[in-house]
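Please read the structure below before turning to the comments.
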Amino acid sequence: MTTEKIPLAVIGGSGFYEMPGLTDIEEVEVATPFGAPSDRIRIGTLEGTRVAFLARHGRQHTILPSELPQRANFWALKSLSVERVISVSAVGSLRESMVPGHLVVPSQLIDRTWGRPSTFFGDGLVAHISFAEPFCGRMRAAALEAARAAGATVHDGGVYVVMQGPAFSTRAESELHRAWGADLIGMTALPEAKLAREAELCYATLACVTDYDCWHEAEEAVDAATVFATLQRNVAVSQEAVRLLVQRLPERQGCPCATALDAAIVGRREAVPADVRERLAPILARWLGGGA
Ligand SMILES: CSC[C@H]1O[C@H](OP(=O)(O)O)[C@H](O)[C@@H]1O
Ligand SMILES: Nc1ncnc2[nH]cnc12
């Protein structure tokens, strides 16, 4: 485990496989108790700040949303002393006003995934993180400002429903999600956001609207080719937003994400089984040390 803090990690989603402007790159292969992460993690300097970049689906886009090694990804980022994560994701729009090409910084999640390992805990260590606000408020604010400064049309807030995939929704499902009050649909924000909170990392999503899913009467139903065509036209704006976000990061985490385990873990420090202590070492280090 390194001690030099990395203030920001970028998880690049569909179409976002590189971080322009990231210099002095070192590629690290991190072995984790949860297997290998999605790809080697590229650590470099962006705007004078240490930044780690991870291609969520691998740089050749070879991993399905439900196959993503999310626990390995977040364990690896934590072991590299990352403090915050900005996730960039392609999403479908469930609202007329959220137009393909716009950016959204979602504020809420609905979980429609199943069978994805979504916690680091268990095996003798019980924890229940608070998740009423699934995204870090300070990161959301910084991401919003950065996306606006990048010149995008940006929406502040929205409910992102996370579906299992890999097939897109049926029209009935799309209408159901709209009736539930969801604004966006994607396949990857969970369990990411939960694991980030368990790892005491600040986490926010910058969502790039690529299509109108399949509810819109005047638009073709989504397919992957449409998503990538929209992304190709718009990826430069999200990359610029990430660059500007680096300039706007608060100096310290300074938010409840950084101490999320204090109110979550049930039981005493001494009672944590030795194997769990070892397996979750980067995640439990602060809590076990009783530090801030
Ligand atoms: C390629 S279309 C569907 C795919 O795109 C989104 O991925 P990401 O969040 O990594 O940008 C969506 O969630 C699906 O995984
Ligand atoms: N319509 C959609 N449904 C699910 N994931 C998506 N990613 C991009 N567009 C999507």
Side-chain angles (χ1 to χ4, degrees), residues 9-19 37-39 53-70 73-74 85-96 98-106 109-114 116 134-135 143 147 155 158-178 180 182-196 203-216 219-235 237-239 241-242:
V10 182
I11 299 186
S14 297
F16 195 137
Y17 310 113
E18 320 265 330
M19 186 61 238
S38 294
D39 203 332
F53 179 82
L54 175 62
R56 174 183 288 120
H57 303 275
R59 64 191 80 179
Q60 302 296 329
H61 204 129
T62 46
I63 313 173
L64 280 174
S66 55
E67 294 175 331
L68 290 169
Q70 298 289 19
N73 289 350
F74 281 86
V85 176
I86 184 73
S87 149
V88 185
S89 270
V91 292
S93 168
L94 302 175
R95 299 288 153 214
E96 188 79 51
M98 294 182 175
V99 178
H102 289 186
L103 296 181
V104 186
V105 181
L109 292 170
I110 294 176
D111 195 354
R112 291 258 289 146
T113 69
W114 46 269
R116 301 182 183 188
F135 297 106
H155 301 260
V159 179
Y160 171 149
V161 58
V162 191
M163 64 179 291
Q164 178 73 357
F168 292 110
S169 307
T170 63
R171 269 188 233 287
E173 287 164 340
S174 198
E175 288 299 354
L176 177 71
H177 297 145
R178 277 162 54 75
W180 281 353
D183 304 296
L184 303 169
I185 182 146
M187 304 178 191
T188 61
L190 289 168
E192 274 189 15
K194 284 183 184 165
L195 294 170
Y203 177 90
T205 291
L206 186 61
C208 315
V209 178
T210 53
D211 54 85
Y212 274 116
D213 202 31
C214 60
W215 61 271
H216 200 297
E219 302 285 337
E220 290 289 319
V222 61
D223 60 21
T226 312
V227 170
F228 283 107
T230 315
L231 285 173
Q232 217 157 34
R233 288 195 296 276
N234 295 292
V235 71
V237 176
S238 2
Q239 287 168 334
V242 171

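Both ligands and their constituent atoms are indexed starting at 1 by order of listing.
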Closest contact, heavy atoms only, Ala143 versus Ile86: CB-CD1, 4.0 Å

N/O separation below 3.5 Å, Ala224 to ligand 1: no

Location of contacts on Phe16 toward ligand 1, heavy atoms closer than 4.0 Å: neither

Pro65 touching ligand 1 at heavy-atom level, < 4.0 angstrom: yes

Heavy-atom side-chain contact between His216 and Ser93 under 4.5 Å: no

Inter-residue atom distance Leu231.CG - Ser89.OG, 0.5 Å rounding: 10.0 Å

From OG1 (Thr210) to CG (Asn234), nearest 0.5 Å: 9.5 Å

Shortest protein contact, atom 7 (O) of ligand 1 (heavy atom only): Ser14 OG, 3.1 Å

Shortest protein contact, atom 13 (O) of ligand 1 (heavy atom only): Met187 N, 2.7 Å

For ligand 1, the portion of Thr188 having any non-hydrogen atom under 4.0 Å away: both

Protein heavy-atom partner closest to atom 10 (O) of ligand 1 - residue, atom, separation in Å: His57 NE2, 2.6 Å

Show the short N or O contacts, below 3.5 Å, that ligand 2 makes with protein N or O atoms; if there are none, say 'none'.
residue: ligand 2; atom: 1 (N); partner: Asp211; partner atom: OD1; Å: 2.9
residue: ligand 2; atom: 1 (N); partner: Asp213; partner atom: OD1; Å: 2.9
residue: ligand 2; atom: 7 (N); partner: Ala90; partner atom: O; Å: 3.3
residue: ligand 2; atom: 9 (N); partner: Gly92; partner atom: N; Å: 3.2
residue: ligand 2; atom: 9 (N); partner: Asp211; partner atom: OD2; Å: 2.7

N or O contact, His61 vs ligand 1, cut-off under 3.5 Å: no

From Tyr160 atom OH to Ile185 atom CD1, the distance as rounded to the nearest 0.5 Å: 8.5 Å

Mutual orientation of the aromatic rings belonging to Phe228 and His61 [parallel < 30°, tilted 30-60°, perpendicular > 60°]: perpendicular

Under 4.0 Å to a heavy atom of Phe228 - the qualifying atoms of ligand 1, by number: 1 (C)

Atom 2 (S) of ligand 1 - nearest protein heavy atom and its distance: Val227 CG1, 3.7 Å

Whether Arg116 side chain and Leu190 backbone form a donor-acceptor pair below 3.5 Å: yes

Interatomic distance, Leu68 atom CG to Ile11 atom CD1 [nearest 0.5 angstrom]: 9.5 Å

Intermediate values then yes/no, salt bridge (Lys or Arg N to Asp or Glu O under 4.0 Å), Lys194 and Asp111: CA-CA 11 Å; Lys194 284 183 184 165; Asp111 195 354; 3.5 Å; yes

Distance (rounded to the nearest 0.5 Å) between Met19 CE and Gln239 CD: 6.0 Å

Gly186 neighbourhood, listing ligand 1 atoms whose heavy-atom distance to it stays under 4.0 Å: 13 (O)

Point-to-point distance, once rounded to the nearest 0.5 Å, from CZ of Phe16 to OG of Ser238: 6.0 Å

